[in-house]
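A quick write-up on the structure given underneath.
As the structure is a computational prediction, the values presented were derived from the model and not from experiment.
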Amino acid sequence: MQIFKPLFAFFCAQVAIASPIATNEGVSVGLVERADPPPSDALKKWNAETGHALTEGLHIFKAKYPRDEVKDQGLSDLIKEARNFLDANHYVLVSVEVKKKEKGPPKKKQQYLDLGDVKFFDIAVDKDGKVVSNKEGATYSVDRAEQDKVQHQYLKKLNKIKSFTGITPVGKQYVSEHQTYDPKTNNCMTFVDEVAKDLS
């Protein structure tokens, strides 16, 4: 028994030295990060336009339409005041769905990421100065936004809400709680900011 113990201890020491757990050098854990599928041309264009590479899921953006006084013709003084205060013609909330798709023959299908529904939400003002829901999930044209030189600020990826339809009730709630339009404290930008805070 006295001979066995030293031999056993020697054996354990050799195993410890040979084990990758005993040292950080040259350790290979065998874990490989799975890269996201490549984006489609449509998603590439959106990513380039917004400067943010989107992953699978639902994302929201704050879209700013640049100030253009030429487009003020026929608008109320209330709206003009808001536009001057914001230094923008308008703000809208944009939701962008990114979906994983497949292409190619049945036995050689390849996955890729593509744009799904791209929708927008905003408010308007009626003749009495009351806030009303305007667009509640209307289709947002990426090409038109590019023409209008719209600036897109990435806000976040939503986890609980999986579709743009889940944004509509939050927008309606904001309108019901903020009924009187104010150029500085209750305008299109505050709508976007406050609704975005309540989305998750």
Does the side chain of [X] reach to within under 4.5 Å of the side chain of [Y], using non-hydrogen atoms?
| X | Y | result |
| --- | --- | --- |
| V132 | I123 | no |
| V96 | L54 | yes |
| T168 | F121 | yes |
| K99 | D114 | no |
| V131 | T180 | no |
| L113 | P38 | no |

Tell me whether the count of non-hydrogen atoms from other residues, nucleotides or ligands lying under 6.0 Å of [atom1] in [X] goes above 12.
| X | atom1 | value |
| --- | --- | --- |
| K160 | NZ | no |
| K101 | NZ | yes |
| K135 | NZ | no |

Residues forming a side chain to side chain contact (heavy atoms under 4.5 Å, CB included) with D198, sequence neighbours excluded: V170

Stepwise side-chain contact (heavy atoms from CB on, under 4.5 Å) test for N187 and D182: CA-CA 6 Å; N187 51 50; D182 185 279; over 6 Å; no

Closer than 3.5 angstrom, by distance alone: can the side chain of [X] be matched with the main-chain N or O of [Y] as a donor-acceptor pair?
| X | Y | value |
| --- | --- | --- |
| Q179 | S176 | yes |
| S163 | G166 | no |
| K184 | E81 | no |
| N159 | S200 | no |

If the plane angle is over 60° it's perpendicular, under 30° parallel, otherwise tilted; pick one for [X] and [Y].
| X | Y | value |
| --- | --- | --- |
| Y65 | H90 | tilted |
| Y154 | H59 | tilted |
| F61 | H52 | perpendicular |

V150 versus A63, closest heavy-atom pair with distance: CG1-CB, 3.7 Å

A196 to L155 - nearest heavy-atom pair and separation: CB-CD1, 3.7 Å

Co-members of V70 in a cluster of I, L, V, M, F, W and Y side chains, linked at under 4.5 Å: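 Its cluster partners, ordered by chain and number, are none at all.
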
Verdict with reasoning, H152 to W46, per side-chain contact (heavy atoms from CB on, under 4.5 Å): CA-CA 10 Å; H152 297 95; W46 176 264; 3.9 Å; yes

Do [X] and [Y] sit in the same hydrophobic cluster, where Ile, Leu, Val, Met, Phe, Trp and Tyr count as joined when their side-chain heavy atoms come under 4.5 Å apart?
| X | Y | value |
| --- | --- | --- |
| V192 | I161 | yes |
| V92 | F164 | no |
| V98 | F120 | yes |
| V94 | I167 | no |

Under 3.5 Å side-chain donor-acceptor pair for E136 and S133: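 The criterion, which ignores hydrogens and geometry beyond distance, is satisfied for S133 and E136.
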
Polar side chain donor-acceptor pair, D117 to Y140, under 3.5 angstrom: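 Per modelled atom types, D117 and Y140 side chains form no pair under 3.5 Å.
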
Pair [X] + [Y], salt bridge at N-O below 4.0 Å:
| X | Y | value |
| --- | --- | --- |
| K45 | D41 | no |
| D87 | R67 | no |
| E69 | K80 | no |

Where at least one partner belongs to residues 119-133, residue pairs that pass salt bridge (Lys or Arg N to Asp or Glu O under 4.0 Å), sequence neighbours excluded: none

Let me confirm one number: the [atom1]-[atom2] distance from [X] to [Y], rounded to the nearest 0.5 Å.
| X | Y | atom1 | atom2 | answer |
| --- | --- | --- | --- | --- |
| E49 | Q151 | CD | CD | 10.0 Å |
| L199 | I60 | CG | CD1 | 5.0 Å |
| K100 | Y112 | NZ | OH | 13.0 Å |
| D72 | R83 | CG | CZ | 5.0 Å |
| L43 | L115 | CG | CG | 5.0 Å |
| Y181 | L78 | OH | CG | 6.0 Å |

Cation-aromatic face contact K62/Y91, 6.0 Å, 45 degrees: yes

Stepwise side-chain contact (heavy atoms from CB on, under 4.5 Å) test for L158 and K156: CA-CA 6 Å; L158 304 184; K156 59 185 174 182; 4.0 Å; yes

